[in-house]
Amino acid sequence: IAALHVASRNAQLPISVAELCKFHSEEPQAKVVNRFIKQARERNLIDLLPPNAEAIVANVLARMNSTNDEVNAKATEMCRNALLNVPPKNQAASAIYLAAKEIGTTSRKYSGVNISKYAFVERRQIYLYARRMQQLFGFEQPKRNPSHEVPAVSAADVKLLRNLRQR
């Protein structure tokens with residue numbers, strides 16, 4: 001499992017240790033495997049390279065057999081700059097989804113469900129980070145309350161008002 005994890009990270013398509021442990025016939029514990037990897041890194045036996053979103057996009061598109069050059073170019077362009085607090089794997093999967101959506105491709109090949117199969121990212125994570133990326137790239141403005149609407153009252157304020165009314 002440790003070898004598979006290190007190989008997947010070096011191939012720019014990391015698979016978590018916990019996920020690999022689920023599919024192993026002996027069902028080892030993830031913490032034991034992580035401890036083994038940590039000890040191997042401390043002794044300089046293995047070298048974990050940090051994943052790059054641009055390389056992950058190229059890898060996922062190749063595995064998807066993507067022939068749409070517009071989607072490929074747009075997704076690669078979205079991954080040129082690493083985003084803060086966004087894992088590279090999620091950025092890559094969301095970039096493919098957004099690129100297809102922006103170009104107007106209606107093919108099921110670029111759906112969140114299909115991308116999740118090839119990128120090893122949950123589809124909900126793809127949609128979540130796609131929304132964030134849309135706001136960062138300026139495709140979509142963040143949703144705000146219109147000025148004529150009264151903002152919602154928080155639960156803490158409601159509780160405080162109830163306590164005041166009882167007195």
Side-chain angles (χ1 to χ4, degrees), residues 1-38 40-41 45-144:
I1 290 176
L4 285 173
H5 175 70
V6 171
S8 70
R9 284 199 53 175
N10 290 340
Q12 306 295 333
L13 198 60
I15 303 172
S16 69
V17 172
E19 192 172 336
L20 289 170
C21 286
K22 282 193 290 189
F23 297 109
H24 195 276
S25 61
E26 295 176 9
E27 298 178 8
Q29 292 182 347
K31 68 180 184 178
V32 174
V33 177
N34 283 327
R35 187 178 339 131
F36 175 75
I37 293 172
K38 182 179 176 183
R41 270 197 344 248
L45 297 175
I46 58 173
D47 189 24
L48 292 177
L49 304 172
N52 178 1
E54 194 172 353
I56 294 172
V57 157
N59 192 343
V60 171
L61 288 171
R63 291 183 21 190
M64 289 176 64
N65 295 326
S66 176
T67 55
N68 191 335
D69 293 332
E70 289 180 82
V71 173
N72 297 354
K74 190 69 175 170
T76 305
E77 179 186 327
M78 286 183 187
C79 287
R80 293 222 194 238
N81 298 327
L83 300 175
L84 294 175
N85 299 327
V86 178
K89 186 167 63 168
N90 293 354
Q91 181 182 355
S94 298
I96 296 169
Y97 176 74
L98 275 179
K101 187 176 178 182
E102 185 179 324
I103 291 173
T105 304
T106 57
S107 173
R108 291 186 125 184
K109 183 177 196 171
Y110 298 108
S111 69
V113 174
N114 197 35
I115 294 169
S116 69
K117 291 177 186 174
Y118 292 103
F120 302 110
V121 176
E122 292 183 21
R123 77 180 160 76
R124 290 182 183 156
Q125 293 288 317
I126 292 173
Y127 301 142
L128 173 77
Y129 286 109
R131 253 184 269 124
R132 286 187 188 172
M133 288 172 67
Q134 280 179 331
Q135 292 172 359
L136 287 172
F137 291 132
F139 298 144
E140 177 182 291
Q141 294 299 321
K143 294 182 180 176
R144 303 180 197 278

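Below, each value reflects all heavy atoms present in this structure, side chains not excepted, and no hydrogens, waters or symmetry copies.
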Stepwise side-chain contact (heavy atoms from CB on, under 4.5 Å) check, Leu20 with Val17: CA-CA 5 Å; Leu20 289 170; Val17 172; 5.6 Å; no
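Atom SG of Cys21 is separated from atom CG of Asn34 by 7.5 Å, given to the nearest 0.5 angstrom. In this structure, the separation between NZ on Lys74 and CE on Met78 is 5.0 Å, given to the nearest 0.5 Å. Note that the CG atom of Leu98 and the CE atom of Met133 stand 5.5 Å from one another [nearest 0.5 Å]. Taking OG1 of Thr76 as the start and CZ of Arg80 as the end, the distance is 6.5 Å to the nearest 0.5 Å. A distance of 12.5 Å separates CD1 in Ile37 from CG in Leu45, rounded to the nearest 0.5 Å. Within the model, atoms CG of Leu136 and CG of Leu83 stand 6.0 Å from one another, a figure rounded to the nearest 0.5 Å.
Contact record, Tyr129 with Asn90: CE1-ND2, 3.0 Å, taken as the closest heavy-atom pair. Minimum heavy-atom separation, Val71 to Ala99: O-CB, 3.7 Å. Closest heavy-atom contact between Cys79 and Gln91: CA-NE2, 3.6 Å. Heavy atoms only, all atoms of each residue included: Ala2 and Phe36 are closest at CB-CD2, 3.6 Å. When all heavy atoms of Asn114 and Lys109 are compared, the closest pair comes out as ND2-O, 2.7 Å. Shown here for Ala30 and Ala18, the closest heavy-atom pair between the two residues is CB-CA, 4.1 Å.
Here the side chain of Arg123 pairs no donor or acceptor atom with the backbone of Gly112 at under 3.5 angstrom. Between the side chain of Gln125 and the backbone N or O of Ser94, no donor-acceptor pair lies under 3.5 Å. Side chain of His5 to backbone of Ser16: no donor-acceptor contact under 3.5 angstrom is found. No side-chain donor-acceptor contact under 3.5 Å links Ser107 to the backbone of Tyr110.
More than 12 heavy-atom neighbours from other residues, nucleotides or ligands sit within 6.0 angstrom of CD on Glu19.
The side-chain heavy atoms of Leu4 and Ile15, taken from C-beta on, include no pair separated by under 4.5 Å.
When each of Asn65, Val60, Leu61, Asn59 is checked for a side chain to side chain contact (heavy atoms under 4.5 Å, CB included) with Arg63, only Asn59 meets the rule.
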